[in-house]
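Both ligands and their constituent atoms are indexed starting at 1 by order of listing.
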Amino acid sequence: MQIYKVGGAVRDRLLGKPVTDIDWVVVGATTEEMLAKGFRPVGADFPVFLHPKSGEEYALARTERKSGRGYGGFTFHASTEVTLEEDLIRRDLTINAMAEDDQQNLTDPYHGQRDLEARLLRHVSPAFAEDPLRVLRVARFAARYAGLGFTVAPETLELMRQLSESGELEALTAERSWKEISRALMEDQPQVFIEVLRECGALKVLMPEVDALFGVPQPEAHHPEIDTGVHTLSVLEQAAQHKQSLTVRWACLLHDLGKGLTPEEEWPRHIAHEHKGLKLIKAVNERFKAPKDCQELALLVGEYHTHGHRALELKPSTLLELLQSFDIYRRPQRFEEFIAACEMDARGRKGLEQRSYPQADYLRGAANAARTVAVQPLLEKGFKGPELGEAIKRERLKVLKTYKEKA
Ligand code: CTP
């Protein structure tokens with residue numbers, strides 16, 4: 001049997017990037033030979049094994065053919081006859097379809113190295129269309145390597161467009177899609193992921209609520225970039241530049257969905273978009289089964305981001321309601337993430353990227369002030385049950401009034 005390093009490990013070594021995961025392909029071996037060498041089979045579906053010591057993935061060279069919709073509809077063929085070239089041709093991108101032996105001799109039948117130099121994400125063959133998840137993968141690689149100057153080859157974009165129009169994307173499971181989306185959002189330029197999806201028509205299928213924001217104007221006084229879609233991309237860009245968490249980035253992407261629902265005659269104003277957007281945020285959250293912390297923060301940021309911006313003008317009672325909604329006493333981290341998302345929203349505007357955001361410290365200060373109210377003295381005064389709750393609120397309100405006067 002011959003063993004080759006394949007995929008991302010070869011690509012990233014040639015790019016001079018750190019290699020974390022190594023995938024291997026084994027040519028000329030049978031399942032029985034692999035088991036005899038102590039490899040552990042990964043699952044019943046594919047001829048993939050884990051190395052007994054390193055735990056790295058070793059796959060028998062295989063060909064694949066699509067036999068139905070979605071990812072389940074696959075038949076594959078692995079035998080000692082399948083060549084390295086046959087295995088590589090079923091892969092997604094030329095830059096992912098190179099193999100290397102233990103002497104670092106490169107096998108590159110589809111010119112991955114040439115495309116690395118040309119900074120092109122190009123599909124290997126029409127077999128690309130056999131897995132619709134690749135539309136998201138290409139957009140994710142575009143987001144990751146945009147800084148190096150990579151773009152999607154026009155013919156690949158065309159194929160992605162056809163796949164998006166064919167209805168195949170609807171067959172993707174929430175889990176597979178979320179894995180790509182969440183990884184893409186954590187790349188250096190997550191806005192490129194959304195841009196590429198939009199360009200090939202996949203955004204309209206996957207997140208029509210985000211797609212609908214493009215072409216929707218906002219008041220120029222607050223939004224020099226005017227377009228709500230452009231604004232959303234800038235907010236995401238800011239979130240990446242400030243190294244925000246996945247939860248914050250997800251909330252940034254969804255915070256203004258309500259603006260896509262404003263009737264044209266009301267443009268460029270978007271009265272109550274925060275509240276109107278909640279059902280859309282909920283729908284996107286559920287479509288991809290986003291983790292609970294992402295879902296929660298996206299809804300809270302959607303509902304309260306304008307409160308964040310107006311923090312210094314809020315009445316103490318409104319400020320208290322805001323703090324209560326976030327349960328800042330038990331969930332301090334979540335409130336910090338809200339503040340971060342608001343700040344990214346404020347900076348994700350043309351020419352305002354460097355502005356200061358005094359609201360952040362003001363909100364933190366208010367939360368700290370509210371937290372100083374101690375429960376014990378109120379218990380000692382005999383308050384209990386709902387009355388205790390009211391008494392705590394009254395005390396917190398007092399503290400917030402003083403806080404606002406002094407600020
Ligand atoms: N692959 C593919 N189509 C997919 C998934 C994977 O063709 N839908 C192939 C590609 O050749 C890819 C390899 O399998 O390089 C390994 O896949 P994976 O580990 O998911 O990606 P990497 O390319 O290693 O990239 P990453 O750095 O994102 O892990």
Side-chain angles (χ1 to χ4, degrees), residues 4-27 42-43 45-51 54-66 70-74 76 78 82 84-100 106-113 115-116 121-148 150 152 156 159-160 163 168-169 171-173 175-190 192-193 196 202:
Y4 301 89
K5 218 179 255 184
V6 280
V10 181
R11 176 198 69 219
D12 287 339
R13 187 186 68 76
L14 292 171
L15 278 174
K17 295 257 165 195
V19 172
T20 42
D21 273 354
I22 304 184
D23 291 313
W24 305 85
V25 68
V26 185
V27 178
V42 166
D45 295 351
F46 288 118
V48 178
F49 303 84
L50 297 182
H51 190 278
S54 71
E56 287 166 356
E57 274 193 17
Y58 285 68
L60 296 189
R62 65 179 188 257
T63 58
E64 277 171 2
R65 198 159 345 100
K66 201 166 167 57
Y71 198 53
F74 261 116
F76 67 85
V82 176
L84 183 59
E85 286 73 12
E86 283 171 333
D87 180 278
L88 294 176
I89 201 169
R90 68 171 171 83
R91 293 175 183 265
D92 53 2
L93 296 172
T94 59
I95 63 165
N96 288 342
M98 297 181 276
E100 204 174 76
L106 201 65
T107 304
D108 180 19
Y110 311 109
H111 310 295
Q113 210 172 11
D115 286 340
L116 273 185
L121 302 171
R122 191 202 307 273
H123 67 285
V124 179
S125 80
F128 178 90
E130 294 188 352
D131 182 5
L133 189 74
R134 288 171 171 171
V135 172
L136 282 83
R137 279 177 62 88
V138 175
R140 170 165 69 79
F141 284 120
R144 183 190 296 176
Y145 298 128
L148 296 177
F150 276 83
V152 182
T156 302
L159 196 54
M160 290 161 70
L163 264 170
E168 280 282 322
L169 293 179
L172 291 172
T173 62
E175 289 76 12
R176 290 189 86 211
S177 301
W178 176 256
K179 207 169 156 203
E180 287 303 322
I181 294 167
S182 54
R183 289 185 72 188
L185 290 179
M186 292 314 289
E187 295 293 355
D188 283 349
Q189 301 206 40
V192 173
F193 175 69
V196 170

- Do the side chains of Leu84 and Val25 get nearer than 4.5 Å, heavy atoms only? yes

- Would you say Leu133 touches ligand 1, if touching means a heavy atom closer than 4.0 Å? no

- Counting N and O atoms only, with roles assigned by atom type, does the side chain of Tyr110 sit under 3.5 Å from a partner on the main chain of Glu85, one being a donor and the other an acceptor? yes

- With heavy atoms under 4.0 Å as the rule, classify the contact between Asn96 and ligand 1 as side chain, backbone, both or neither. both

- Any side-chain heavy atom of Arg90 within less than 4.5 Å of one from Arg62? yes

- Query: Side chain or backbone of Arg144 under 4.0 Å from ligand 1, or both, or neither, by non-hydrogen atoms?
  - Reply: side chain

- Message: Quick one: does any side-chain atom of Arg13 pair with a main-chain N or O of Val19 as donor and acceptor, under 3.5 Å?
- Response: no

- Message: Closer than 3.5 angstrom, by distance alone: can the side chain of Asp92 be matched with the main-chain N or O of Arg134 as a donor-acceptor pair?
- Response: no

- Query: Which atoms from ligand 1 have a heavy atom of Gly7 less than 4.0 Å away?
  - Reply: 15 (O)

- Could you tell me whether Asp12 and ligand 1 have an N or O pair separated by under 3.5 Å? no

- Message: Quick check on contacts: which atoms of ligand 1 are under 4.0 angstrom from a heavy atom of Arg183?
- Response: 26 (P), 28 (O), 29 (O)

- Note on the structure: Min over Asp23, Asp87, Thr20 of heavy-atom distance to atom 16 (C) of ligand 1 lands on Asp23

- With only distance considered, is Asp21 within less than 3.5 Å of ligand 1 through an N or O on each side? no

- Using a 4.5 Å cut-off on heavy atoms from C-beta on, say whether the side chain of Phe141 contacts that of Val152. no

- Message: Show me which atoms of ligand 1 lie under 4.0 Å from any heavy atom of Arg134.
- Response: 2 (C), 3 (N), 4 (C), 7 (O), 8 (N)

- Note: heavy atom closest to atom 6 (C) of ligand 1, options Arg140, Arg137, Arg91, belongs to Arg137

- Query: With sequence neighbours left out, what residues match Arg122 under salt bridge (Lys or Arg N to Asp or Glu O under 4.0 Å)?
  - Reply: Asp115, Glu155

- Query: Is Leu121 close to Thr156 at the side-chain level, that is, under 4.5 Å between some pair of heavy atoms?
  - Reply: no

- Task: Please confirm whether Arg90 comes within less than 3.5 Å of ligand 1 when only nitrogen or oxygen atoms on both sides are compared.
- Result: no

